[in-house]
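Below is one structure, written out as structure tokens; the observations come after it.
A note on names: the letters A, B, ... follow the listed sequences, proteins ahead of strands, and every chain is numbered from 1.
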Amino acid sequence: MVGAVSVRVRIAPSPTGPLHIGTARTALYNYLFAKRVGGTFILRLEDTDEARSTLDFERDILEELHWLGIEWDEGPEIAGQPAKGSYGPYRQMQRIERHRQVAEQFLSEDKAYYCYCTPELLDADRKAQEAAHEPPHYVGRCAHLTPAERAEREAQGLKPTIRFRVGNGVVAFDDIIRGHVEISTTALGGDLIIVRSNGTPLYHFAVCVDDADMAISHIIRGEDHLSNTPKHILLFRAMGADVPQFAHLPLILNPDRTKMSKRKSQTAVSDYRTQGYIPEAFDNFLALLGWSSGTEEEIFSLAQLVDRFSLERVHQGGAIFDRERLEWLNGQWIRKLPDDELIERVLPFLVADLTILESNGVSVRMPAAEDVRALLPMIRERLPILSAVGPLVDFLFVQELRVDPELLVPKRWDAATTLAALTAARRVIANVGEVSFEADELEGPLRQLAEDRGWKPGDLFMAIRVAVTGKTATPPLFDTLVALGYERTLERLDAARALIEAVPPG
RNA sequence: GCCCCCAUCGUCUAGAGGCCUAGGACGCCACCCUUUCAAGGUGGAGAUCAGGGGUUCGAAUCCCCUUGGGGGCACCA
């Protein structure tokens, strides 16, 4: 690859909200790129927005990145764990002195100047420009103040911002994904504020200082920053720093093709986790949103992605977040999980489901890992998401099953037939006995019963199914009966018969 | 308004001038398997490659224009 220059990339989330899908995808691509070429992946926390940053959001971001398997080589101290890496600090709040220092230097080199324009004045400028159909820009009122003029404004008590001179000309760069891009400085909105009147740095400035200090070699980020890139390049140049390579990723879109937003889509990674999506599938899905291997394979583990990823194969067009596809991938990955893994991951979802039933007054037995292990063959193919486990098998853990009498009678049958069938089935099952109570032992006699009586096996089985589960869609019946156990199967059959008898035949 | 980016089935995409009467996957439909639900298998519908001009013997692929979509233009990040 490059050889002399080591690859250093970063993800710089700001803890003003939970980890966003878009940030996760950007993090993943940075991670994959770094790991692919043996580079360094850095986490930097942009926590300068004190009003909106919270520790909870920070924790969410860190936890979800970890959940996705995206581990950083360098990053800040966290919960007692020391910082990693020698380019720190990795929290922007702790870098403010450095930002101020660079701003001072810009001032001394006349690359920046103090601006005393008030927000009200700037607002009026913008309004006037809008009325004149001009693009909004800073008019340069304070660009060349004399010392006397400055002193006068200081005397009025005006607190200045610091503005960076963008100059005239065209800024060009070669984006790894977009190719050659040229933007005129006139499109930048005039000299930009890099330090607020309260002394804190602004985003565009802080990022560039930090990226330069951390020797970031490649900036891989969302396309929404493409238009801002010239500002950053100018800032890098002004610092005398190497300008990194840029790679602008296509946006992840809402179904209406606008930039994915909380308003129109579910954007928090943690929400997907709590709904039972698994990280293997999520990484796979995220990777495929904007990148493809060029082969017809599409199931990739994180390690396989590291192996195949390249920025050159990232697309240019935005991609709609397609939940159906994510769900399909999730099912694929759930089917691939080793038994112990699946048990460990699915158990909490089952417990959560039963806890809800319990809080609604249903008496339940809480399952243990071994309970789930026995159910694995019957649920594995039926879980698009982990949270689907409850509806699938919760009836096994409730003490008193409530059955809807309407469901009890198969479509082609009447109540009398159903009652007769359940009575006969009970007898057949009782005859099989507790010792031989296994799927293979049950199927033959019950099929025989259907044949003897001229019933379709499906109808008989459906009547039994509803009687013992309360549902019309369940895992295979005989496995279900075995999971339920001899005693409870008979009890539920009896309860169902009683229920039919209590309801007027119709 | 100005600047920038983008444009192949509903969706994610393959495609880097002839292999394309455009391939795969999700979703959808049908059939098979089948006790229900899944999973799996087979098949099908679905894109005149946004439109129009070029370049070329030949264009989804290169160029231009148009249209459409998106993003950016803050003392937000």
What pairs of nitrogen or oxygen atoms, one from the protein and one from nucleotides 49-51 of chain B, lie under 3.5 Å apart?
none

Taking atom C1' in both B/rC33 and B/rG18, compute the distance separating them and give it to the nearest angstrom.
44 Å
Can you list, in residue-number order, the parts of residues 468-478 of chain A that come under 4.0 Å of RNA chain B, counting heavy atoms only?
A/Thr472, A/Ala473, A/Thr474, A/Pro475, A/Pro476, A/Leu477, A/Phe478
Using a cut-off of 4.0 Å between protein heavy atoms and nucleotide atoms, how would you tag nucleotides 59-65 of chain B 5' to 3' with B, S and -?
-------
side-chain hydrogen bond (donor to acceptor under 3.5 Å, both in side chains) contacts in which one or both residues fall within residues 161-170 of chain A, not counting sequence neighbours
A/Asp110-A/Arg165
Distance between the P atoms of B/rU55 and B/rC4, in whole angstroms?
28 Å
Looking at B/rA59, which nucleotide sits across from it as a Watson-Crick or G-U wobble partner, both distances under 3.5 angstrom, or is there none?
none
Close aromatic pair by centroid cut-off 6.0 Å: A/His232 and A/Phe205
no
Under 3.5 Å on both distances, the Watson-Crick or G-U partner of B/rA30:
B/rU42
Footprint string (nucleotides 11-26 of chain B, 5' to 3'): B base within contact, S backbone only, - free, heavy atoms under 4.0 Å
SBSSS-------SSBS
Identify each atom pair where a protein N or O and an N or O of nucleotides 75-77 of chain B are less than 3.5 Å apart, giving names and distance.
{"unit_1": "B/rC75", "atom_1": "O2", "unit_2": "A/Ser197", "atom_2": "N", "d": "3.0"}
{"unit_1": "B/rC75", "atom_1": "O2", "unit_2": "A/Ser197", "atom_2": "OG", "d": "2.9"}
{"unit_1": "B/rC75", "atom_1": "N3", "unit_2": "A/Ser197", "atom_2": "OG", "d": "2.9"}
{"unit_1": "B/rC75", "atom_1": "N4", "unit_2": "A/Cys117", "atom_2": "O", "d": "3.2"}
{"unit_1": "B/rC76", "atom_1": "OP2", "unit_2": "A/Arg196", "atom_2": "NE", "d": "2.1"}
{"unit_1": "B/rC76", "atom_1": "OP2", "unit_2": "A/Arg196", "atom_2": "NH2", "d": "2.8"}
{"unit_1": "B/rC76", "atom_1": "O3'", "unit_2": "A/Arg196", "atom_2": "NH2", "d": "3.1"}
{"unit_1": "B/rC76", "atom_1": "O2'", "unit_2": "A/Asp49", "atom_2": "OD2", "d": "3.4"}
{"unit_1": "B/rC76", "atom_1": "O2'", "unit_2": "A/Arg52", "atom_2": "NH2", "d": "3.3"}
{"unit_1": "B/rA77", "atom_1": "OP1", "unit_2": "A/Arg196", "atom_2": "NH2", "d": "2.4"}
{"unit_1": "B/rA77", "atom_1": "OP2", "unit_2": "A/Arg196", "atom_2": "NH2", "d": "3.4"}
{"unit_1": "B/rA77", "atom_1": "OP2", "unit_2": "A/Tyr203", "atom_2": "N", "d": "3.2"}
{"unit_1": "B/rA77", "atom_1": "O2'", "unit_2": "A/Ser14", "atom_2": "OG", "d": "3.2"}
{"unit_1": "B/rA77", "atom_1": "N6", "unit_2": "A/His204", "atom_2": "NE2", "d": "3.2"}

Which of A/Arg10, A/Arg98, A/Arg44 passes salt bridge (Lys or Arg N to Asp or Glu O under 4.0 Å) with A/Asp213? It is A/Arg98
Show me the pairs that pass side-chain hydrogen bond (donor to acceptor under 3.5 Å, both in side chains) and involve residues 11-25 of chain A, at least two apart or across chains.
A/Ser14-A/Thr16
Need one value for A/Glu182: base, sugar-phosphate or nothing, where a base atom within 4.0 Å counts as base even if backbone is also close, heavy atoms only.
sugar-phosphate
Base, sugar-phosphate or nothing for A/Pro136? Non-hydrogen atoms, less than 4.0 Å.
base
Give me the distances for all protein-to-nucleotides 66-68 of chain B N/O pairs that come in under 3.5 Å?
none

Watson-Crick/G-U partner (both atom distances under 3.5 Å) of B/rC37
none
Short N-O contact, A/Glu280 and A/Arg345, less than 4.0 angstrom
yes
Above 12 or not: heavy atoms from other molecules or residues under 6.0 Å from CD of A/Gln156?
yes
Looking only at side-chain atoms of A/Glu223, point me to the closest of B/rU35, B/rG70, B/rC4.
B/rG70
Atom pairs, protein N/O to nucleotides 41-46 of chain B N/O, distance under 3.5 Å:
none

Are A/Ser265 and A/Thr267 close enough that a side-chain donor and a side-chain acceptor fall under 3.5 Å?
no
Examine A/Tyr272 together with A/Phe321 and report whether their ring centres are nearer than 6.0 Å.
yes
List for me each residue that meets side chain to side chain contact (heavy atoms under 4.5 Å, CB included) alongside A/Lys231, sequence neighbours excluded, and say none if there are none.
A/Leu188, A/Leu192, A/His204, A/Asn228
Nearest-angstrom distance, P atom, B/rC64 to B/rU21:
27 Å
My understanding is that only residues two or more places apart in sequence, or in another chain, count here; which of them pass ring-ring contact (aromatic ring centres under 6.0 Å, His included) with A/Tyr486?
A/Phe437
Considering only residues two or more places apart or on different chains, which pairs with a residue in residues 162-191 of chain A satisfy ring-ring contact (aromatic ring centres under 6.0 Å, His included)?
A/Phe106-A/Phe164, A/Phe173-A/Phe246
Counter-base of B/rA25, judged by Watson-Crick or G-U geometry with both distances under 3.5 Å
B/rU11
